[in-house]
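Quick notes on the structure that follows.
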Amino acid sequence: MNAPPVRLKTWLRLQREEVPLGTRADALCQVLRSCAEVRQAFYLSWQAHAGIYSHEGSGQQLPPGQGDPLEASDRQLFERLSAAGSLSLGAVRQLDCWLAGRLRRAAIRRGRVFDLALEANRPGLLLVELGEGVSQGWLAWVHELLDALLALSGELSRGSPLLGLDPQPSLLLDAEARPLELNAALLALLAERPLAELASFLPVNQRALVRACLQQRRAIEEVEASCGERILVWTFIPDPRENHVLARAREASAQVRAEREAAQARRLYRLITENTTDLISRHTPDGRFLDASPASWTLLGYWPEELRGRPVQELFHAQDLAQLVHTARDALAQDGYHTMSFRIRHRDGHYLWFETASRAIRETYTGDVVEVVSVSRDITARVQAEENRRRLAEVVSANTDLVLFLDAEGHITYLNPAARRALRLDESQTMPQLAELFSAEELQRLHGEGRASAERCGVWSADARLQPPGGAPSLPVSLVLLAHQAAGGERYYSLVARDMRERELREAQQRRHQDELAHTARLVTLGELASGIAHEINQPLAAVVNYASASQRYLQALWQNPQAAERVAQGLERITEHANHASEVIRRLRAFLRKGQRRMQALDVAEVAREAVRLCAWEADARQVTILEQLSDNLPPVYADRVLLEQVLLNLLRNAIDANAEAHPGQDSEVELLARAEAGGLAIEVRDQGPGLGDAELEQVFTPFYTSKPEGLGLGLSMSRSIVEGFGGFLDGRRGEQGGLVMRCWLPVH
């Protein structure tokens, strides 16, 4: 663009059409500033009443002068300038006037001021500052040119009658889209920018628009152009006779941004409506669907098109219908807002729980409800969870077990009625402390092992005794500690205690029954061992009789045989030995047949095993079975009842003897009795050389009343296993590596 001619022509057009003085002054200063030789240009008009020159236009201004503004005066400058027509800036700076001080403060030295009146009967001056190295003689020519142009401005032809007076930014373009003239509004918009930046205010396709406008002989409207933060909307109006185009702009930044924001809001609303999981719907006041969001398909199985015009009441549950319709209608009419929860039928027939917030849209003048907008959310899972919590609360309240809720510090926060009854607390009493309910050892175990296990596995269980406050008898309970975590991460616990008094009583009764059954089994065993027991007793009794008879004979020959007294003493000694032996046999039988409560004590397994071997020794000899003992004297002690453990070992040994006799009739055979320490316990094994058992028989051998012996009851092994398990151990069997059967009893070490 050829900037100075365009700006000059624009200024002349403005001058001719007598637009406001400030606009013409700005246009003239812009013409001068567009020259490379000019650094700054200012136009000031004479204020006769004040006696000073003041700035015109909206451009840059000089700083105020020095001294009191009320005493400021440019009259000396006005008189000198009126006489001379122009003065150098150096001469002005030497004058005693207000403008001289302003020049000094602005550090303006090179240039001239001209006496120039842009408006009739209103003197003024044009101040031009030159760049370094520019001759001031050039300015005299500028002054003459401006005077001549001012004289001729009234005779210029009107290129565009509306251009000068158009309040909107406008310019005249030729057929190549080159600017010919600018109006005052566009100059103000352009401000201090060079004319080359005018293109940034125009649409990027301005040439094509001008060409199309002239060729088609029609105006082209609403063409947007952006310049930084500013948005202009242009209209191109053709003038075919002059082959010119008048381009008019209007500021549309706020409007376009508002429209864009509205469009963006509509897109956002549509995105939210189409993608939200909640159902957004519009209804008539009587409840018919006007529209619904696509979530209707996900939630109800209906597409929005299927719901339009359909009464929402058709989908309500029959039990909710009457109350919902009247309550919602009254609330919306009165308050304009209502929230409700109800059941609604899915297309498949099942019902869902919905929570709906509805707002009434009213007619502006009458206030009548013309539409209802609702947002509905599926709360079925929440309602079911609340129902489950309610049921769980009822279960906890009605549970016969004691339920205690604990916080993270171990304080009791809740006791169910069963717990209050067991602890003899009424509703008015405060919560007890755990330390009041458990012994110090059990409380330490609960806080230590219990919490650690519950945190790790979610649950911990143990047996304990619960001590009600007030000195009431303690309760045996089975404890279950549950660890929970709240939504915020806080830990809390539930302690469930089951009253085990009935179980304790049943276990005591069971032990008594088991002891009685064991005693009966011992009597049966004693009957089976009767011949051996008789032999055990007859031997020492026969020896006593023989030694007594011999002693009598020696007493009769005491005066004849000097050795008779010694023989009598020997006989009495032997009688004592055999009598003691018979007494020991009877003692063992009485101990074996003892009836009463269990007496748990630390036992030497080797000693108990040897006693069991002695009880069945005669039966083993009669069947040619040798019992090989592999018993160490330094075995760790076990905690058990001596008689019951002896009964178990006797049962295992007699079964092994029977198995050997069955497999080797009339032949010698062996039974091994071993005892050895293992990790955490002691194992006792009885190995026979019998026929052994198959897999099916091994699975049933410990079943009560199962036996392979024609005369057996099938209670020996079953009872033996129960006895061993009562000691904390176990009893099992397996096939031996060399045949036969191996019965293994494991007991924990005391």
Problem set entry | Min side-chain heavy-atom separation Ile344-Leu300 under 4.5 Å | yes
Exercise. Can you find a heavy atom in the side chain of Tyr493 that is under 4.5 Å from one in the side chain of Glu455?
Worked result: yes
Exercise. Would Val608 and Arg642 count as a side-chain contact (heavy atoms from CB on, under 4.5 Å) if you check the C-alpha gap in whole Å, the side-chain angles of each, and the deciding distance to 0.1 Å?
Worked result: CA-CA 7 Å; Val608 177; Arg642 183 185 188 92; 4.0 Å; yes
Exercise. Passes salt bridge (Lys or Arg N to Asp or Glu O under 4.0 Å), Glu394 versus Arg390? Steps please.
Worked result: CA-CA 6 Å; Glu394 291 179 356; Arg390 185 187 63 79; 2.5 Å; yes
For this session: Look at atom CD of Glu678 and say whether more than 12 heavy atoms of other residues, nucleotides or ligands are closer to it than 6.0 Å.
Result: yes
For this session: Answer yes or no: does atom CZ of Arg491 have more than 12 heavy-atom neighbours from other residues, nucleotides or ligands under 6.0 Å?
Result: yes
Exercise. Would you say the side chain of Asp463 lies within less than 4.5 Å of the side chain of Leu479, judging by non-hydrogen atoms?
Worked result: no
Seminar exercise, completed: Minimal heavy-atom distance between Leu674 and Leu631, with the atoms involved, is C-CD2, 4.3 Å
For this session: Mark yes or no for whether Thr413, through its side chain, and Phe405, through its backbone, hold a donor-acceptor pair below 3.5 Å.
Result: yes
Exercise. Sub-3.5 Å donor-acceptor pair from the side chain of Glu442 to the main-chain atoms of Arg465, do we have one?
Worked result: yes
Exercise. Any chance CZ of Arg424 has more than 12 other-residue heavy atoms, nucleotides or ligands included, within less than 6.0 Å?
Worked result: no
Exercise. Should Arg610 and Glu607 count as an ion pair when the cut-off is N to O under 4.0 Å?
Worked result: no
Exercise. Are Asp378 and Thr298 close enough, and set up right, to give a side-chain contact (heavy atoms from CB on, under 4.5 Å), and what steps lead you there?
Worked result: CA-CA 10 Å; Asp378 184 356; Thr298 306; over 6 Å; no
Exercise. Around atom CD of Gln485, are there more than 12 heavy atoms of other residues, nucleotides or ligands at under 6.0 Å?
Worked result: yes
For this session: Would you indicate whether the side-chain heavy atoms of Tyr351 and Asp320 approach each other to under 4.5 Å?
Result: no
Exercise. Using 4.0 Å as the upper bound for N to carboxylate O, is an ion pair formed by Arg391 and Glu387?
Worked result: yes
Problem set entry | Any donor-acceptor N/O pair, Thr380 side chain to Trp353 backbone, under 3.5 Å | yes
Exercise. Which atoms form the tightest heavy-atom contact between Arg734 and Leu741, and what is the distance?
Worked result: O-CD1, 3.2 Å
Exercise. Under the 3.5 angstrom rule, does the side chain of Asn660 hit a backbone N or O of Glu670 as a donor-acceptor pair?
Worked result: yes
Exercise. Side chains of Leu682 and Trp746: closer than 4.5 Å at any heavy-atom pair?
Worked result: no
For this session: Any chance you could measure Gln630, atom CD, to Arg687, atom CZ, to the nearest 0.5 Å?
Result: 7.5 Å
Exercise. Which atoms form the tightest heavy-atom contact between Ala418 and Leu402, and what is the distance?
Worked result: O-CG, 4.1 Å
Exercise. Could you state the interatomic distance from OH (Tyr414) to CE (Met431), rounded to the nearest 0.5 Å?
Worked result: 8.5 Å
For this session: Working to the nearest 0.5 Å, report the span between CG of Asn651 and CG of Leu731.
Result: 10.0 Å
Exercise. Is there a donor-acceptor pair closer than 3.5 Å between any side-chain N or O of Asp401 and the backbone N or O of Val496?
Worked result: no
Problem set entry | Taking every non-hydrogen atom, the tightest pair across Arg451 and Leu481 | N-CD2, 3.9 Å
Problem set entry | Chi angles and distances behind the side-chain hydrogen bond (donor to acceptor under 3.5 Å, both in side chains) call for Arg343, Gln319 | CA-CA 9 Å; Arg343 286 166 290 182; Gln319 296 178 0; 3.1 Å; yes
Problem set entry | Mutual orientation of the aromatic rings belonging to Tyr492 and His484 [parallel < 30°, tilted 30-60°, perpendicular > 60°] | parallel
Problem set entry | Spacing of CG belonging to Leu443 relative to CG belonging to Leu434, to within rounding of 0.5 Å | 6.0 Å
Exercise. Between Val613 and Glu629, is any pair of side-chain heavy atoms under 4.5 Å apart?
Worked result: yes
Exercise. Near Glu449 CD, under 6.0 Å, is it more than 12 heavy atoms from other residues, nucleotides or ligands?
Worked result: yes
Exercise. What do the steps show when you test Leu437 against Gln467 for side-chain contact (heavy atoms from CB on, under 4.5 Å), and what is the final call?
Worked result: CA-CA 5 Å; Leu437 306 181; Gln467 179 63 54; 5.8 Å; no
Problem set entry | Residues Glu441 and Arg445 bridged, charged N to O under 4.0 Å | no
Problem set entry | Asp688 (side chain) donor-acceptor with Gly740 (main chain) under 3.5 angstrom | no
Problem set entry | Approximate separation, where rounding is to 0.5 Å, of Leu645 CG and Tyr639 OH | 14.0 Å
Exercise. Looking only at heavy atoms, what is the nearest atom pair of Asp278 and Ala295, with distance?
Worked result: O-CB, 3.3 Å
Exercise. How long is the gap from CG on Asp732 to CZ on Arg721, to the nearest 0.5 Å?
Worked result: 7.0 Å
Exercise. Ala422 and Leu475: which non-hydrogen atoms are nearest, and at how many Å?
Worked result: CB-CD1, 4.1 Å
Exercise. Do Ile684 and Val648 come within less than 4.5 Å of each other through their side chains, counting heavy atoms only?
Worked result: no
Exercise. Is any NZ, NE, NH1 or NH2 atom of the basic residue among Arg614 and Glu646 found under 4.0 Å from an Asp or Glu carboxylate oxygen of the other?
Worked result: no
For this session: Evaluate the side-chain proximity of Glu685 to Glu672: yes if any heavy-atom separation is below 4.5 Å, no if none is.
Result: no
For this session: Check step by step if side-chain contact (heavy atoms from CB on, under 4.5 Å) holds for Phe438 and His447.
Result: CA-CA 11 Å; Phe438 295 98; His447 285 319; over 6 Å; no
